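Reviewing the structure listed below.
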Amino acid sequence: MNLKMSVCDDDSLDDIEDIVGEGDLTGLERSIARSNAVGKRVKKVPSCKDPAKVNQINQPSEKNGSIIPGTQKIWMKTWGCAHNSSDSEYMAGQLAAYGYLLTDAKYEADLWLLNSCTVKTPAEDHFKNEIDDGRARGTPVVVAGCVPQGQPKSNYLQGLSIIGVQQIDRVVEVVEETLKGHSVRLLGTKKDAEKKKTGGASLLLPKIRKNPLIEIIPINTGCLNQCTYCKTKHARGELGSYPPEEIVARAVQSFQEGVCEIWLTSEDTGAYGRDIGTSLPELLRQLVQVIPDGCMLRLGMTNPPYILEHLEAIAEILNHSRVYAFLHLPVQSGSDAVLSDMKREYCVADFERVVNFLRDRVPGISIATDIICGFPTETEQDFDLTMELCSKYRFPSLFINQFFPRQGTPAYRMERVPTKQVKNRTKRLSELFKSYQPYDSQVGQRQSVLVTDISHDKNYYVGHNKDYVQVLVPMNPDYMGKMVDVRIISASKFSLMSEPLTSPKRPDVPEALEKGQISGLATESPRDSPSSHLISPLWPLVGLTALVGLRLAWIMYGRR
């Protein structure tokens with residue numbers, strides 16, 4: 001069982017699951033050059049559940065009677081972090097720009113694209129189950145993400161096409177070849193002219209945002225740690241940072257397309273720039289200069305060691321009016337002995353120094369943290385220290401995870417804590433978290449909130465205040481994508497209820513793209529029709545130009 005207690009209990013945390021798959025997404029019409037092509041009928045081969053007997057790849061689909069690349073339906077599924085979500089948005093954008101139709105009709109799709117997460121065993125199990133389902137149905141499957149990148153020789157991946165975490169710019173050719181019946185595996189690492197690892201595929205590629213109001217920007221990949229329980233390092237590798245100018249350019253482009261909220265993401269945002277001679281504060285100082293009035297920036301997860309030397313600068317940035325006063329700072333354990341066995345490279349005093357400093361310098365800051373219950377060397381005394389730490393700080397957002405042994409990690413070989421004890425510790429920490437109300441003090445306050453989403457129950461719009469606390473507002477269509485001044489009238493464990501006080505104020509950005517519209521192709525082009533999902537007749541020319549550019553990029557750089 002995995003318990004996850006968070007600062008919100010609705011769609012505002014959808015950055016960690018299922019980024020693509022809600023409805024048919026818009027793609028560009030096929031170019032005139034392809035309009036006279038004749039599809040080739042293929043004989044469907046019976047499916048085979050035994051990976052060892054699969055003929056290198058599933059056979060081409062017969063559902064639409066054609067194997068013309070770019071004419072098929074694709075179903076996408078994503079597990080994991082915001083970085084994975086961003087990767088899926090980029091892959092969806094390139095596929096749609098080439099003409100593929102992305103659909104949520106899973107069993108009507110001609111190909112499945114599965115973007116995996118290797119952090120926890122349950123996520124990988126779900127990933128395996130989807131692969132088995134696709135094989136049993138004879139549906140071509142392409143896999144991406146950390147699982148195939150980190151363990152490409154796994155038996156259950158044999159015969160499947162693989163897109164490496166730094167090869168997402170080649171998703172179109174992988175899908176093309178897979179639909180033709182070929183197996184393709186692209187697992188290379190992007191490197192610059194000096195043969196140094198880079199952040200990955202270009203940030204300026206086409207993408208389809210799950211939420212047109214929110215742009216997720218990966219600022220680096222990989223990390224500097226060697227945590228004994230973590231498998232992500234096997235996939236994402238050593239640190240590779242994007243140049244600050246490329247990150248800033250992506251932010252500017254996003255605001256030009258009506259985005260009003262930017263999320264920075266990576267495996268560890270605090271480590272950004274250490275490989276290219278810069279730092280996270282230097283990047284943030286450049287970004288705040290291009291954030292329009294009424295828009296907001298959210299920092300991603302950072303481990304304690306990499307912001308200790310930047311506390312003054314981070315506090316200054318978090319106090320900026322266009323930056324959420326929010327930080328995700330995983331501690332994992334309140335015991336120095338356990339942190340040492342985890343190889344977390346900090347002690348509890350370091351973590352407390354960060355929390356105390358930021359709480360003192362950034363009024364109202366929300367600090368989220370993670371705890372692993374039942375790490376192999378954790379004793380009852382160690383866990384008592386974790387309980388004391390969480391009781392002391394009463395974190396408004398606490399992610400509680402049971403230890404999962406990941407094959408290939410040092411912790412996998414350690415003797416495990418009995419399951420009963422792990423469950424008991426998880427229950428104790430969960431009960432502590434449920435025992436306090438973190439937001440009661442905000443009742444009666446007047447706050448400004450940026451509205452960007454809809455609640456799970458579909459009864460409210462969801463915004464966030466300066467401290468990134470979830471605020472529910474009435475479902476007035478005029479509020480979406482705008483700043484609204486509200487009064488807080490009640491508080492729950494995960495959110496605040498509000499009543500609007502003033503008319504909404506539009507951020508200083510254009511109207512946002514329609515849901516499913518492709519970003520990065522033509523910012524000023526006509527909007528898609530949400531009812532017909534058809535593109536203006538001018539758009540195929542834009543798509544063809546983009547396609548040629550992508551092809552040239554693949555030929556010149558992608559095959560490195």
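Keep in mind that this is a model prediction, so the values were computed, not measured.
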With sequence neighbours excluded, tell me which residues meet salt bridge (Lys or Arg N to Asp or Glu O under 4.0 Å) with Arg285.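 Listed in chain order: nothing, the list is empty.
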For Lys196, check salt bridge (Lys or Arg N to Asp or Glu O under 4.0 Å) against everything at least two apart and list the hits.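 Checked Lys196 against salt bridge (Lys or Arg N to Asp or Glu O under 4.0 Å); zero matches.
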Is the centre of the His464 ring less than 6.0 Å from the centre of the Phe326 ring?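 No, the ring of His464 stays outside the 6.0 Å limit from the ring of Phe326, centre to centre.
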Would you call [X] and [Y] a salt bridge, taking side-chain N to carboxylate O under 4.0 Å as the test?
X	Y	value
Glu499	Arg487	yes
Glu312	Arg361	yes
Glu177	Arg170	no
Asp87	Arg236	yes
Glu215	Arg209	yes

Sole residue of Val484, Ile488, Ile489 in side chain to side chain contact (heavy atoms under 4.5 Å, CB included) with Ser498: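 The side chain to side chain contact (heavy atoms under 4.5 Å, CB included) with Ser498 is passed solely by Ile488 among Val484, Ile488, Ile489.
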Given Ile247, Leu239, Leu284, Leu264, the one that forms side chain to side chain contact (heavy atoms under 4.5 Å, CB included) with Tyr272: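 The single option meeting the side chain to side chain contact (heavy atoms under 4.5 Å, CB included) with Tyr272 is Ile247.
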Test your reading of the model: is there a side-chain donor-acceptor pair from Lys466 to the backbone of Ser448, 3.5 Å cut-off?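 No, Lys466 side chain to Ser448 backbone: no donor-acceptor pair under 3.5 Å.
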Taking the side chain as every heavy atom from C-beta outward, state whether Cys223 and Thr232 have any pair of such atoms under 4.5 Å apart.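 No - every pair of side-chain heavy atoms lies 4.5 Å or more apart.
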Sequence neighbours excluded, which residues qualify as side chain to side chain donor-acceptor pair (under 3.5 Å) partners of Glu246?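 Side chain to side chain donor-acceptor pair (under 3.5 Å) check on Glu246 returns nothing, list empty.
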